[in-house]
Structures are given as C-alpha cells and as structure tokens.
Amino acid sequence: LDDDSSNVEFPEPLTPSERIKRAATFWGNVVPIFLSYKLFEMRIGSDNKGNEDAWLEQHEWGAERLENIINELKGFYVKSGQMMSTRPDSFAEPYIRRLSSLQDMLDPMPIELVKAVVKQELLAGAPLSEVFEWIDPEPLGAASVAQ
C-alpha cells in the first residue's frame with residue numbers, strides 16, 4: 001500500500017505564458033463554434049420550426065468540438081464543462097449529453113500520483129497504511145482533480 005512517494009514528480013504549476021497559451025487554444029477552438037452558429041442562424045433563421053434536424057446537427061457538431069477541446073485542456077476547462085453539463089435550462093441536449101462525460105469518464109491520474117497527493121495533502125506525509133487498508137488501483141471513474 002505505501003509506496004515511496006518521494007520519487008513521484010508533482011506537476012509544476014502553469015506559468016503565466018502557459019496559461020495564456022491554454023486560453024488562446026480554448027478560444028481559438030470555441031470562437032469558430034460561435035461563428036458557425038451565427039452563420040447557421042443567418043442561413044436558416046433562429047426559428048426552430050421545421051428546422052429541428054438541422055439545429056440538432058449543428059448542436060451535435062458544436063458539442064463534439066467543445067468536448068474535445070475541454071478534454072484536451074483539462075483542469076479549469078473540465079470543471080467549467082462539468083458545470084455546463086448540469087444546466088439543461090441553458091444548453092441544448094447534445095451539449096448536456098457530451099459534457100456529462102466530464103463528470104466521471106476522463107482519463108485517470110496515475111495511481112502513484114494519486115497516492116502521493118493523498119499522502120501529502122490529506123495525511124500530512126503520514127503513511128497511507130495508517131488510514132487505508134488498501135487502495136484499488138482501478139478507478140471507478142475519473143473526473144476533475146477538485147472532485
């Protein structure tokens with residue numbers, strides 16, 4: 001259960017320039033989604049009557065792209081996507097469905113890093129065996145670090 005966590009490297013905090021690059025990557029992928037909606041609306045109008053299939057296709061297209069960029073960027077963007085996925089009053093069903101995957105279907109953190117974080121942040125460096133009998137290395141699900 002207790003592995004030597006002294007050789008586990010914790011990720012470094014992002015530098016200001018890395019944060020700007022991530023924001024630019026996000027907006028560089030999201031602005032085209034916004035623009036596609038504007039062009040779509042100009043082409044067929046904002047009235048949904050008779051255009052349900054076309055709107056659904058537009059929503060599917062946008063939701064897929066948004067989910068992909070959020071999965072790529074992780075962190076803050078995952079947390080934002082998780083919150084969006086709980087707002088069916090504000091977002092179309094394809095967005096809710098796709099972004100719901102952010103609740104528990106992300107790539108898990110390596111188990112050694114999980115153990116090291118728990119040991120350092122929750123146990124103040126005490127051995128894991130003082131609190132846990134065992135830790136299953138297979139996650140039930142994976143979401144954001146904040147969860």
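All values reported here derive from a predicted model rather than from experimental measurement.
By the 4.5 Å heavy-atom criterion applied to side chains, M84 and L102 are not counted as neighbours. Using a 4.5 Å heavy-atom cutoff, the side chains of V8 and K115 are not in contact. For the pair I69/L66, a side-chain contact is recorded, criterion being any heavy-atom separation below 4.5 Å from C-beta on.
Rounded to the nearest 0.5 angstrom, R22 CZ and F76 CZ are separated by 9.5 Å. Here R98 contributes atom CZ and I70 contributes atom CD1; the two are 12.0 Å apart, rounded to the nearest 0.5 Å. In this structure, CD on E57 lies 8.0 Å from CZ on F40, to the nearest 0.5 angstrom. Here CG of N68 is found 11.0 Å from CG of L73. Values are rounded to the nearest 0.5 Å. Here the straight-line distance linking atom CD of Q58 with atom CD of E41 works out to 10.0 Å at 0.5 Å rounding. To the nearest 0.5 Å, the span separating NZ on K119 from CZ on F132 amounts to 12.5 Å.
In terms of heavy atoms, E67 sits closest to S101 at OE2-OG, 2.8 Å. Across all non-hydrogen atoms, the minimal contact from A54 to I44 is CB-CD1, 4.1 Å. Taking all atoms of both residues into account, the shortest heavy-atom contact from L99 to G81 is CB-O, 3.7 Å. Across every non-hydrogen atom of L14 and R19, the tightest pair is O-NE, 3.6 Å. For the residue pair V117 and F10, the shortest heavy atom distance occurs at CG2-CE2, 3.4 Å. Between K79 and Q82, the shortest heavy-atom contact is NZ-OE1, 2.9 Å.
A single hydrophobic cluster is not seen to contain both L56 and L39; linkage of ILVMFWY side chains at heavy-atom distances under 4.5 Å, directly or through other members, places them apart. M42 is not connected to L35 by any chain of hydrophobic side-chain contacts under 4.5 Å among Ile, Leu, Val, Met, Phe, Trp and Tyr, and they are in different clusters.
Classification of the W27-F34 ring pair by plane angle, with boundaries at 30° and 60°, yields tilted. Ring geometry, Y95 versus Y37: the interplanar angle falls from 30° to 60°, so the pair is classed tilted.
The number of heavy-atom neighbours closer than 6.0 Å to CG of D136, taken from other residues, nucleotides and ligands shown, is above 12.
Of the charged side-chain nitrogens involved, at least one lies within less than 4.0 Å of a carboxylate oxygen, so that E60 and R97 count as a salt-bridged pair. Ion pair K21/E18 not flagged as a salt bridge, since none of the NZ, NE, NH1 or NH2 atoms sits closer than 4.0 Å to an Asp/Glu carboxylate oxygen.
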CA sep, side-chain torsions, deciding dist, call: I33, W61, side-chain contact (heavy atoms from CB on, under 4.5 Å): CA-CA 8 Å; I33 297 170; W61 178 87; 4.2 Å; yes
